[in-house]
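Before any comments, here is the structure.
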Amino acid sequence: MSENEKNVGLFVTCLVDLFRPTVAFAAVKLMEDAGCSICVPERQTCCGQPAYNSGDNEDAKAMAQMVIEEFEQFDYVVAPSGSCAAMIRVHYPELFADCPDWLTRAQNLSTKTYELLTFLSDVLHVDKVEAALDRTATYHDSCSGLRELGIKQQPRKLLDSVEGLELVEAEQAERCCGFGGTFCLKFSDISSRITDDKCDDLLKTGAQTVLGGDLGCLMNIAGRMTRRGETVEVRHIAEVLADMCDEVPPISQGKG
Amino acid sequence: MKLNAHNFKENAKKALKDNDLQASLQKLGTGFPLKRLAAMERLPEFEDLRDQARDIKDHTLRHLDFYLEQFESRVVETGGKVHWARDIKDGRKIVYEICEAVGAKTITKGKSMIGEEMAINEYLEEKGLIPIETDLGEYIIQLRNEPPSHIIAPAIHLRKSHVEEAFRKTHTELPKDRNLDAPEDLLVEARTMLRKKFIAADVGITGANFMVAETGSTVIVTNEGNGDLTQTLPRIHIVLCSIEKVVPTLEDCTTLLRVLARSATGQEQSVYTTFSTGPRGETDPDGPDEFHVVILDNGRSRMLGHDTHDMLRCIRCSACINHCPVYQSVGGHAYGSIYPGPMGSVLTPALYGLEKSCDLPNASTMCGKCEEVCPVRIPIPKMLRSWRKKQWEDGPVPTMQRLAMTWWAWWALRPKLYHRVAGWKMRIMGFMGRKSGHIKAFPLKNGWTENRDFPAPEGKTFQQRWSEKGGRRT
């Protein structure tokens, strides 16, 4: 690692680690291309969001402490997910509001934690990527990223530079996909009704590919799409920006 | 109404299969939100107004005792009377005693959520009085004997055919062969029937969107004008409201009015905004002989200074409800409380107890749309989370959910073991879905595969591949 390189800790996120490693490799490539050195601590699993949103603050705190200990050494912490990044950025300080020692450390980590696309755009000032994809695509704004981190223009701007890609906006791009973490398990029927609305709205655009920045939402949308027999492709935006679509089939689809 | 929040899941299942309801909800989901957006775009200072509205409510809540007492003195000075109701029982008794003292028989009623909270109609009926709802939506659901499904559009769950059916069943004195095909026909009929009731009523009950401390006025906003007829024609006017509705000044009230209708229906202003101050004065051409304000607490003072304190800022515009993907899917009745949607999921546990409404704070994807559209910037997801925390700490969490979460946390806090086991598991799942790219079902039934395919993992985890690649570690 040279002196000029930014020392970035990659918070892989549990879903990307387990289900879609290509997304993390894509994130690494994008950041390395922009002059970062990427380190992946082995001692990381989950950001604690499922526990936090279930009211289990004790477990959420224990997981947050592990993340803080492991990641506070870096210049930046980056996650390829708006919802996990928002957990660290927005909710860790809330979690330790009445615990002064940890609060300072949580705040410190919060200020240097970014979601991948905002990190590329807002911190590294990347405005174009070397990638090509001959498709029409539509972008789903995941709720946490959109409302807690203000991710809206960054992905669109970057996608604009992908050769051959035509971006079409869905009417309700900002509407929730119905995933909601454990919500989709606890209230499966309601969740799938919301997901159906989302799928209809995305399909109405006629786009061949659905893109997004959060694997949870994308697995939900893709899982519902294939269950309905739809053939539209669903992918994480990082795969497209890093030109790695050939390395892995669309989410929930076979190699074809 | 009787609280039925503990049956949320079953209610929701039924609602999802109710085609009439789904058709109504489809309209709501696009109607109000688009109108709100258009209204916002016409008013560049809307965001600033939201800040001001929030600050007014925050200030008032910090000095609630002061403003409530100031309001009471002003009401008394203008010849009215304030009654303090600690709970629903108190409130009902006060209303009944006022009606009884003047020998009332029929009572007209404008729309009032506090009236719904008190279930005042049922109570007055039990006592032999005849309460008649005069807001069209409320009138329809009163005829159908069902609770409201929305706080500003109580009959939003119904289709036109339901209304016709209810009218034909109730208005038996009208010719059977009359034509009720057009919505206007229904309106005219309701108007004709209600006009007689307005004139015959002994007491008029209305709600209040605001109580103005500096003048002792109560304020209602309506689109039908029924509120005005309800409160000016009878001899007695009773206003039902709750402690958090007070605002310091008329100026404050107008600021809140500017965000209220825009957030609710996208109107600049409701068709009628009516200020009532005291009974009929010597020089007034009309108005009631008596002016009573019943101020209900019913658990609200317990919210002050606690986790759900900010919820007391709510001005009941329904923007959170109109924009909520869960409400848009199941409608209001599923919540089993007169306050549905996101605001209801915070308020119902506060007013009726968390143990009777455990599902409500969980029935949210936490998408945050409610907070985004709230005119007084109530952090609703944060408060839903605080109920979930309380639920987790105090017990009422289904055992399987608790076990699953504790189990997940146990693994997640042991990274070495976690990565080793996850590696095997992902290899197996990857193998299961190797052809189609997904898994249709697991041996154990679960909420995911009931309605979706489960996307198969690539195979090896990222951590495994990063190690194999010799990637940088700490």
Side-chain angles (χ1 to χ4, degrees), chain A residues 12 16-22 24-25 37-46 50-57 59 62-63 66 70 73 143-144 147-148 175-176 178-181 183-195 219-220 222-224 226-227 248-249 251-254, chain B residues 9 12-13 16 325-326 328-330 362-369 371-372 385 387-393 397 401 405-406 408-409 411-413 415-416 418-419 422 426 434-438 446-448 450-458 460-463 465-467 471-474:
Chain A
V12 184
V16 167
D17 176 43
L18 302 178
F19 295 100
R20 200 102 176 145
T22 302
F25 282 113
S37 169
I38 312 300
C39 177
V40 182
E42 205 164 7
R43 191 170 166 252
Q44 60 165 313
T45 54
C46 166
Y52 186 55
N53 278 347
S54 298
D56 177 7
N57 279 22
D59 280 325
M63 288 187 231
M66 191 167 90
E70 211 57 35
Q73 59 184 302
C143 301
S144 296
R147 302 202 175 87
E148 295 185 308
R175 192 173 191 257
C176 176
F179 172 57
F183 174 83
C184 74
L185 304 173
K186 289 183 199 160
F187 300 94
S188 179
D189 296 342
I190 304 174
S191 166
S192 84
R193 159 66 207 281
I194 302 172
T195 313
M219 286 174 72
N220 174 49
R224 185 67 194 163
T226 56
R227 177 64 60 95
V248 60
I251 302 167
S252 201
Q253 292 188 14
Chain B
K9 275 191 175 167
K13 264 194 180 29
L16 288 165
V326 176
Q328 287 170 356
S329 301
V330 301
N362 295 292
S364 161
T365 63
M366 299 299 241
C367 74
K369 189 73 188 176
E371 183 174 355
E372 183 188 297
R385 207 180 279 117
W387 280 128
R388 294 179 186 189
K389 179 167 171 272
K390 199 164 168 32
Q391 212 171 332
W392 186 271
E393 285 165 358
V397 173
Q401 273 172 34
M405 186 49 62
T406 313
W408 166 248
W411 281 103
L413 289 167
K416 272 197 179 146
Y418 171 99
H419 288 308
M426 292 307 118
R434 69 195 176 284
K435 282 201 181 116
S436 63
H438 55 252
N446 78 60
W448 184 287
E450 261 175 48
N451 293 302
R452 313 163 187 75
D453 293 333
F454 191 84
E458 286 182 36
K460 286 182 184 173
T461 67
F462 176 75
Q463 290 285 4
R465 287 168 63 180
W466 188 255
S467 293
R472 186 155 77 90
R473 297 286 196 185
T474 41

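Chain letters run A, B, ... following the sequence lines, proteins first, then strands; residues in each count from 1.
Tyr418(B) and Leu18(A) get closest at one heavy-atom pair: OH-CD1, 3.8 Å. Annotation for Ile38(A) and Trp466(B): closest pair O-CZ2, 3.9 Å, computed over non-hydrogen atoms. A pairwise comparison of heavy atoms in Met219(A) and Trp448(B) identifies O-CZ2, 3.5 Å as the closest pair. Shown here for Ala412(B) and Cys46(A), the closest heavy-atom pair between the two residues is CB-CB, 4.3 Å. Shortest non-hydrogen contact noted between Asn451(B) and Arg227(A) is O-CG, 3.7 Å. The heavy-atom pair separating Pro415(B) from Glu42(A) by the smallest distance is CB-O, 4.2 Å.
Contact count against chain B (heavy-atom pairs under 4.5 Å) is highest for Cys39(A) among Cys176(A), Cys39(A), Cys143(A). Ranked by non-hydrogen atom pairs under 4.5 Å with chain B, the options Ile251(A), Thr195(A), Asp59(A) are led by Asp59(A). Among the candidates Glu148(A), Glu70(A), Met63(A), the residue making the largest number of heavy-atom pairs closer than 4.5 Å to chain B is Met63(A). Contact count against chain B (heavy-atom pairs under 4.5 Å) is highest for Thr45(A) among Thr22(A), Thr45(A), Val248(A). With respect to chain A, the highest number of heavy-atom pairs below 4.5 Å among Gln391(B), Glu371(B), Gln401(B) belongs to Gln401(B). In terms of heavy-atom pairs under 4.5 angstrom with chain B, the leader among Leu185(A), Asn53(A), Val12(A) is Asn53(A).
Interface remark: Glu372(B) contributes side-chain atoms only to the contact with chain A (heavy atom separation under 4.5 Å). Using a 4.5 Å cut-off between heavy atoms, Lys369(B) touches chain A through backbone and side chain atoms alike. Contacts between Val326(B) and chain A at a heavy-atom distance below 4.5 Å involve backbone atoms as well as side-chain atoms. Contact of Arg175(A) with chain B is made through the side chain alone, with heavy-atom distances under 4.5 Å. Using a 4.5 Å cut-off between heavy atoms, Ser436(B) contacts chain A through its backbone alone, with no side-chain atom that close. Residue contact with chain A, scored on non-hydrogen atoms closer than 4.5 Å, involves the side chain of Ser467(B) exclusively. For Arg224(A), the parts sitting under 4.5 Å from any heavy atom of chain B are the backbone and the side chain alike. With a 4.5 angstrom heavy-atom cutoff, Lys460(B) touches chain A only via backbone atoms. Both the backbone and the side chain of Gln328(B) have a heavy atom closer than 4.5 Å to some heavy atom of chain A.
A donor-acceptor pair under 3.5 Å is absent between the side-chain atoms of Arg388(B) and the main chain of Ser54(A), judged by distance alone. Under a 3.5 Å cut-off, the side chain of His419(B) and the backbone N or O of Gln44(A) do form a donor-acceptor pair. Looking only at distances, no side-chain donor or acceptor of Arg20(A) sits under 3.5 Å from a matching main-chain atom of Pro457(B). Between the side chain of Lys186(A) and the main chain of Gly447(B), no donor-acceptor pair closer than 3.5 Å is present. Looking only at distances, no side-chain donor or acceptor of Thr365(B) sits under 3.5 Å from a matching main-chain atom of Gly180(A). In this structure, Asp17(A) contributes its side chain and Phe462(B) its backbone to a donor-acceptor pair below 3.5 Å. Judged purely by atom type and a 3.5 angstrom limit, Arg473(B) uses its side chain to pair as donor or acceptor with the backbone of Val40(A).
To the nearest 0.5 Å, the span separating CZ on Arg465(B) from CZ on Phe25(A) amounts to 5.0 Å. Atom CZ in Arg385(B) sits 9.0 Å away from atom CG in Asn57(A) (nearest 0.5 Å). Note that OG of Ser329(B) is 4.0 Å distant from CD1 of Ile194(A), once rounded to the nearest 0.5 Å. For the atom pair CZ of Phe183(A) and CE of Met366(B), the computed distance is 11.5 Å after rounding to the nearest 0.5 Å.
Side-chain atoms of Glu450(B) and Asp189(A), non-hydrogen and from C-beta on, do get closer than 4.5 Å to each other. The side-chain heavy atoms of Glu458(B) and Phe19(A), taken from C-beta on, include no pair separated by under 4.5 Å.
Other residues, nucleotides and ligands contribute only 12 or fewer heavy atoms inside 6.0 Å of the NZ atom of Lys390(B).
Between the side chains of Ser192(A) and Arg452(B), no donor-acceptor pair is found at a separation under 3.5 Å. Thr474(B) and Arg43(A) share no side-chain donor-acceptor pair at under 3.5 Å. A donor-acceptor contact closer than 3.5 angstrom is absent between the side chains of Ser252(A) and Asp453(B).
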